[in-house]
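Here's the structure, in structure tokens; my notes come after.
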Amino acid sequence: MNTDFNDNVFKIVRLIPKGRVTSYGAIAKALGAAKSSRMVGRAMNHSHAEQEYVPAHRVVNRNGLLTGKHHFKTPTSMQELLEIEGVEVKEDKIINFKHHFWDPLIELNIE
DNA sequence: TGGGTGACCATAG
DNA sequence: ACTATGGCCACCC
């Protein structure tokens, strides 16, 4: 049985609005597993196998760095997808990360 | 069974 | 700003 954790991660990622981004740690925290931010990354690795589209490009590390770009079809696709949505990216890093940040804890009104 | 690894994070210097 | 270190835990030899 697939971990619910896995499904919950995808569920949240799909909720990220266009032009916004969030971090692995924020998602982990929203799921009550702040200790396992690495698990979020592992879940994302499987995201390609999901039948429903998962906007993985909207998930970066807490530094606003596109650490997962090498897992996309091409090394530049992640950056291009973000720029299409209006997110500026320079040197694999999101400009004005704070401004684009989307916190699931706040937006989803979790306690 | 156990060591190595990772789309991470926090802290220290 | 940068490196080093430790914690985290599922997964793969």
Side-chain angles (χ1 to χ4, degrees):
Chain A
M1 53 212 82
N2 276 336
T3 59
D4 336 323
F5 184 80
N6 206 294
D7 292 332
N8 286 329
V9 170
F10 300 142
K11 204 178 295 181
I12 290 187
V13 173
R14 290 197 197 99
L15 292 175
I16 304 174
K18 179 182 169 188
R20 298 295 212 91
V21 292
T22 192
S23 72
Y24 301 95
I27 294 174
K29 204 179 256 185
L31 295 177
K35 29 185 171 179
S36 310
S37 47
R38 294 189 112 143
M39 301 302 98
V40 176
R42 183 156 286 282
M44 298 309 295
N45 201 336
H46 279 251
S47 65
H48 67 87
E50 284 290 301
Q51 294 193 340
E52 282 214 33
Y53 176 63
V54 178
H57 58 280
R58 298 183 188 144
V59 185
V60 296
N61 75 348
R62 72 150 195 120
N63 221 0
L65 203 62
L66 278 55
T67 50
K69 71 173 202 164
H70 284 293
H71 289 259
F72 283 74
K73 306 188 85 169
T74 74
T76 57
S77 53
M78 184 175 188
Q79 172 170 345
E80 288 172 5
L81 283 168
L82 285 171
E83 288 180 340
I84 288 172
E85 298 184 351
V87 179
E88 287 184 82
V89 177
K90 188 83 171 181
E91 303 287 317
D92 297 341
K93 193 178 74 208
I94 294 179
I95 305 296
N96 226 339
F97 179 54
K98 231 168 62 173
H99 177 69
H100 291 290
F101 187 69
W102 181 86
D103 190 347
L105 280 174
I106 298 174
E107 306 294 338
L108 301 183
N109 256 326
I110 301 179
E111 303 305 288

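Every value quoted in this text rests on a predicted model; they were computed, and no experiment measured them. The chains referred to below are lettered A, B, ... by the order of the sequence lines, with proteins before strands, and numbering in each begins at 1.
- Nucleotide dA7(B) holds its C1' atom 13 Å from the CZ atom of F5(A), rounded to whole Å.
- Between K93(A) and H46(A), the one whose closest nucleotide on DNA chain C sits nearer the 5' end is K93(A).
- Atoms CG (N63(A)) and C1' (dA10(B)) sit 12 Å apart, rounded to a whole Å.
- Whole-Å rounding puts the D4(A) CG to dA10(C) C1' distance at 15 Å.
- Comparing dC9(B), dC8(B), dC9(C) by their closest approach to the side chain of R62(A) singles out dC9(B).
- Applying the salt bridge (charged side-chain N to carboxylate O under 4.0 Å, His left out) test to pairs two or more places apart or on separate chains, none has a residue in residues 95-105 of chain A.
- N45(A) comes within 4.0 angstrom of a base, heavy atoms only.
- Note that CD1 of I27(A) and OG of S36(A) are 13.0 Å apart. Values are rounded to the nearest 0.5 Å.
- A distance of 11.0 Å separates CG in L15(A) from OG1 in T22(A), rounded to the nearest 0.5 Å.
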Problem set entry | CA sep, side-chain torsions, deciding dist, call: W102(A), V21(A), side-chain contact (heavy atoms from CB on, under 4.5 Å) | CA-CA 6 Å; W102(A) 181 86; V21(A) 292; over 6 Å; no

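- For N8(A) and dA10(C), the CG to P distance is 15 Å, given to the nearest whole Å.
- Contact annotation for A56(A): base contact, defined as any heavy-atom pair under 4.0 Å involving a base atom.
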Which atom pairs, donor and acceptor, lie under 3.5 Å between side-chain atoms of residues 40-47 of chain A and protein residues at least two apart or in another chain?
residue, atom, partner, partner atom, Å
S47(A), OG, M44(A), O, 2.5

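- In this structure, S37(A) and A28(A) approach most closely via the heavy-atom pair CA-CB, 3.8 Å.
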In residues 51-64 of chain A, what donor-acceptor pairs under 3.5 Å come from side-chain atoms, sequence neighbours left out?
residue, atom, partner, partner atom, Å
H57(A), NE2, E85(A), OE2, 3.1
R58(A), NE, E85(A), OE1, 3.0
R58(A), NE, E85(A), OE2, 3.4
R58(A), NH1, I16(A), O, 2.8
R58(A), NH2, E85(A), OE2, 2.8
N61(A), OD1, N63(A), N, 3.1
N61(A), OD1, G64(A), N, 3.2
N61(A), OD1, L65(A), N, 2.8

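- Regarding L66(A), its CG atom lies at a distance of 11 Å from the P atom of dC8(B), rounded to whole Å.
- Separating the NE2 atom of H48(A) from the C1' atom of dA7(B) is a distance of 12 Å, rounded to the nearest angstrom.
- When rounded to the nearest whole Å, the span between CG of N6(A) and P of dC9(C) equals 17 Å.
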Could you list all N or O pairs between the protein and nucleotides 3-6 of chain B that sit under 3.5 Å apart?
residue, atom, partner, partner atom, Å
dG6(B), N7, R38(A), NH2, 3.0
dG6(B), O6, R38(A), NH1, 3.4

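- A heavy atom lying under 4.0 Å from DNA chain B marks the following residues of residues 14-24 of chain A, by number: S23(A), Y24(A).
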Could you tabulate the donor-acceptor pairs under 3.5 Å formed by side-chain atoms of residues 88-97 of chain A, not counting sequence neighbours?
residue, atom, partner, partner atom, Å
D92(A), OD1, K69(A), NZ, 3.1
D92(A), OD2, K69(A), NZ, 3.1

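- Under 4.0 angstrom from either OP1 or OP2 of dA7(B) there lies no side-chain N or O belonging to S47(A).
- Straight-line distance between the C1' atoms of dC2(C) and dA7(B): roughly 22 Å, to the nearest whole Å.
- The CG atom of L82(A) sits 9.0 Å away from atom NE2 of H100(A), with the distance rounded to the nearest 0.5 Å.
- Distance, I27(A) CD1 to dC9(B) P: 10 Å, rounded to whole Å.
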